[in-house]
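Naming convention: chains lettered A, B, ... in sequence-line order (proteins, then strands); numbering from 1 in each chain. Values below: every heavy atom of this structure, side chains too, minus hydrogens, waters and symmetry copies.
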Amino acid sequence: MDKYNHKLIEAKWQAVWEKEQTFVAREEVPNNHAYVLDMFPYPSAQGLHVGHPEGYTATDIYSRYLRMRGVNVLHPMGWDAFGLPAENYAIKTGVHPRELTWQNIDNFRRQIKALGFSYDWSREVNTADPSYYKWTQWLFLQLYKKGLAYRQEAPVNWCPSCQTVLANEQVIDGVCERCDSQVEQRQMAQWFFKTTAYASALLKDLDGLDWPQPILDMQRNWIGKSEGAEVEFRIQNSEFRIRVFTTRLDTIFGATYMVLAPEHPLVASLLENQESRIKNQEEVKKYIKTTSQRTELERKAEAKDKTGVRLEGVEAINPANQERIPVFIADYVLTSYGTGAIMAVPAHDARDFEFAKKFELSVKEVVVPTQKRTALILHGTGADSKKNWYQWLKTELEQRGYQVFVPDLPDSQMPDLDTWLKALEPYASSINENSIIIGHSLGGPTAIQFVQRLERSVGALVLVAPTCVGMDWTPINASHSSEQANCIRAITEAATDWRSVSKKIKHIVGLFSSNDPYIPVATGDLYERNLSGSYIVCENRGHFSEKNGEVTKLPEFFGLPYAEFFVDYGTLINSGEFNGLDSATAVKKIAAKIGAKLTTQYRLRDWLISRQRYWGAPIPIIYCAKCGELPAPAKDLPVELPVDVDFRPHGESPLARSESFHNVKCPKCGAPARRESDTMDTFVDSSWYFLRYVDPQNNQEAFDAKKVKQWLPVDLYVGGAEHAVMHLLYARFITKALKDLGHIGFSEPFLKLRNQGLILGEDGQKMSKSHGNVVNPDEVVVKYGADTLRLYEMFLGPLEDVKPWNTSSIIGLRRFLDRVWNFVSFPATTGNPEKQKALDSPDRHRGNDNGLNAMVARTIKKVTEDIESFRFNTAIASLMEFINVMSSVQKSDGAVSTLLILLYPFAPHITSELWEQRGFKGYIWEQSWPGYDKSALKSDTISITVQVNGKVRSSIQVAARAKEDEIVKAARADVNVARHLAGKTIVRQVYVPGRLVNFVVE
RNA sequence: GCCGGAGUGGCGGAAUUGGUAUACGCACACGACUCAAAAUCGUGCGGGGAAACUCAUGAGGGUUCGAGUCCCUCCUCCGGCACCA
């Protein structure tokens, strides 16, 4: 028998498959078929890299497996052949994109075929071929007819380097996805597909898809649904109205100002209109000018710093409470979302709060947490302070929805912390993360000690004027009474202990009079914490003052739970008749009362498909001076790309400079007209290619509806997660549009989606030319063979994980195949008695094994389940175990043929060869997938783990049918177990059937 | 900042979904074969300990007879989104 020669074998079987058309999908087979699809590649000049075969191998394994289960599988491959790189390369070198692309495709096809994938090559498609893009243009016209394709002047993302328009999705951090140049804004007439028309369906139908959760999340995020209401605010003394969209109608009573986007048309109207009497016209105009000059990127960079200008003299009327509120323009409000105007509720929105802080606007709290907020007031010593300030504070807080506790602390002149803390114990259960603890004077240090003992954290701690009348805070000396000394010590220690409680307190507020001489004592660490910005210290700046022990004014923010703003839903306050309602109910009732319309907004925008490039499918539209914009007649399709075109970028479409292309007769009146010179985004090509595969040669229609009905939707789609939003969203959109047009009968193209994870370079970085860490699969195929590469890529780890390539590990998979080769090739005369014994021994391998049959059955089960759930790495591991155990024992033909069949989907060449060499009947791919005898899995004896107090002490062999009491008895008899039980009392025993016994002893 | 995902030997990764942590592979060490090397085969391989044992799944708590797996707090890394009202 020869050695395993992968080169000969792989060439041989690939030729057989090609000659016998083994993998051509059969249309005549009525039922039981599956469509298994890979994301087709862009045929780049670099050729295949090792990332491509990862997904292709996964679908190939699955396809071959399904075929052995009798399923008729459609498994096609093609080329996403239009696109910028070929055109950019052409600009640099002068090689025509078509020439380059066709060359690249040949290279890709050769590389892919060398890996032995079971594609039905008779269905290959190429999106850059006129026979394909004819139907891309047809698709465009279908959408056009339905009003789903439209042309509009729009600000577009313009890449000055690529000289083209980019979709929002193609602008990453303000720079071009492909060339990293800074993207500019330009006004241009552009073609759009109306993806927004399907926003709700695109969102809703995600529910029924078997897709990876992260992809579903990203799509939901991208569509960005928000439910809310549209409300009109009147402008005082004027006919103008400001229409706003809000998701928080429940907070409308807290709307203390309004903001319009600077580009909002109403702003221009107000400026023109004398009646509106904007007093600061110049300032407003200047602001509008500066914002318009700033690029998207600059706006984002300065996002933190809110800017804006008040429209002096303009006031809006809050329809909820008729209050007159100021109106601003500010660029933190975007024209492109909602109505381009907002009602600002600083108490319940972070951005509004920031803006309000900067412009010193009032903050009005109207929603509080539904869970009752609690406050604990710890007064200092002396009845006076109790009487004076806390009564008032209590009332204030109660009006803000708090439940206020004022523990009756022993009223002594000097604090006794232990006694105080004891008195506080009953209140501990009422304190949660929404609570405020207020410590006045000596209540401060007490509060700190109290928090320290709490198990939960606290919302806010407010320290009020930690003074103690008549005491001298200089270091303790002889003049202090012992009580005074204790007092000083308590406060100082509490202040020192600050760090230990700081993590349990979300916000800390210190209220001191500015001339308080004792601040440093109690707040040394407080100031330090202030630097990190997580609390506020209000020195007495009008927020609060304490005169003769009497509080005269509370800071405004005192009413808020602990943060500056509260964004959650809750219960309404300060909202007139709606007080006490929960947010959700309030929205409905307020809407009814003020006549607001409940609506839904989406973040999703229409899909801009125009590209001012050559290498794409021309948009089939004709412009006639008389008849206007007309679709190209169907009989004229395809509108072919002219070959002799100067495709160097000039900022207009290269096609515009091709006379032969550009000049055309009007299909309606025959007068001279011109063609649209833009081409379509390549994502249009790829959003319907899965339909073309079922009928790739059809030149009468895009696809035969019957064939589509037979094969679609796609049963399994595998590709990279980088297509999470764009490609997958566009393909879903096109599918829905085609359904509504009556061309197909389903609304979701891909029922089941799986992602392959990125394969990183050996250095753990993304493979790229610049890192010099790209691995070319060709080298691996030459050295180790396609089967080894396929196995290696699958064995690397879970399909969806990101994982680094490691060339030195490949050898392990090759060794495995060598062992398979030897195992099958050499006659089964030399069984190793030791191994045979081990195999028959019941405790081999985690127990449960009574020999060869069980091993075979277990492997069939494992491999089958793993293929079904895409865990190819562990399937291979179990095949390795199988070989390891069996390679030196007597083997039956049955075991050998089973091994070959199980391995075939992963390594089709070597298994096909061994099947033939061994003299088994037919071809291996004609065999059916093995089932297994469930009873073979069962063993006569089982292994039971014995634990004492949860620690493993032994493992015992018992008969599979042994009863609990027998097993327990056997377990206790075990020497090692007995030793751990000796002299102890068993207080409990846990028996998990078939697995373990645990004795709990004392 | 927000939304996802992940942290297990020197490395890639397993773990029946709460039940013997480290399967399988790489690397490494030793042995056999060989004049020798490679290849192959065999043995060993988380830390500590002579052993009994004991400590280990990013950190700290919790639930449980029992936690890599469940809950809470935190740290780190990766991916996506980002003024979306």
Using a 3.5 Å limit on both distances, find every run of at least three consecutive Watson-Crick or G-U pairs that involves RNA chain B. B:1-7 with B:75-81, B:10-12 with B:24-26, B:28-32 with B:40-44, B:46-48 with B:53-55, B:58-62 with B:70-74

For the pair Phe870(A) and Phe872(A), evaluate ring pair (Phe, Tyr, Trp, His ring centres under 6.0 Å) and give the outcome as yes or no after the intermediate values. CA-CA 6 Å; Phe870(A) 290 79; Phe872(A) 304 115; 5.5 Å; yes

Relative to the ring of Phe823(A), is the ring of Phe882(A) parallel (under 30°), tilted (30 to 60°) or perpendicular (over 60°)? perpendicular

Would you mind checking if Lys862(A) and Glu881(A) are paired as a salt bridge, meaning a charged N to carboxylate O distance below 4.0 Å? no

Closer than 4.0 Å, any side-chain N/O of Arg603(A) to the OP1 or OP2 of rA82(B)? yes

Whole-angstrom distance between rA6(B) and rC71(B), as gauged at atom P: 12 Å

Contact list for RNA chain B against residues 796-806 of chain A - heavy-atom distance below 4.0 Å: Leu796(A), Pro798(A), Val802(A), Lys803(A)

So, under a plain 3.5 Å distance rule, would you say the side chain of Gln213(A) forms a donor-acceptor pair with the base of rG5(B)? no

Before you tell me yes or no, could you show the steps for Phe795(A) and Phe816(A) under ring pair (Phe, Tyr, Trp, His ring centres under 6.0 Å), namely the whole-Å CA-CA distance, both residues' side-chain angles and the distance that decides it to 0.1 Å? CA-CA 12 Å; Phe795(A) 189 65; Phe816(A) 166 60; 8.5 Å; no

Arg979(A) side chain: which of rA85(B), rG12(B), rA52(B) is closest? rA52(B)

Give a yes/no answer on whether the side chain of Arg815(A) brings an N or O atom under 4.0 Å of OP1 or OP2 in rA27(B). yes

Establish, with yes or no, whether the OP1 or OP2 oxygen of rA85(B) is under 4.0 angstrom from a side-chain nitrogen or oxygen of Ser226(A). yes

With rounding to whole Å, what would you report as the distance between rG49(B) and rC3(B) at their C1' atoms? 48 Å

In whole Å, measure the gap between the C1' atoms of rA67(B) and rG19(B) for me. 10 Å

Scan Arg814(A) against the nucleic acid and name what it touches under 4.0 Å (heavy atoms): base, sugar-phosphate only, or nothing. nothing

Are any of Asn998(A)'s side-chain N or O atoms less than 4.0 Å away from OP1 or OP2 of rG19(B)? no

If only side-chain N and O atoms of Arg988(A) are considered, is one of them under 4.0 Å from the OP1 or OP2 phosphate oxygen of rG66(B)? no

Side chain of Met880(A): nearest nucleotide among rG25(B), rC65(B), rC55(B)? rG25(B)

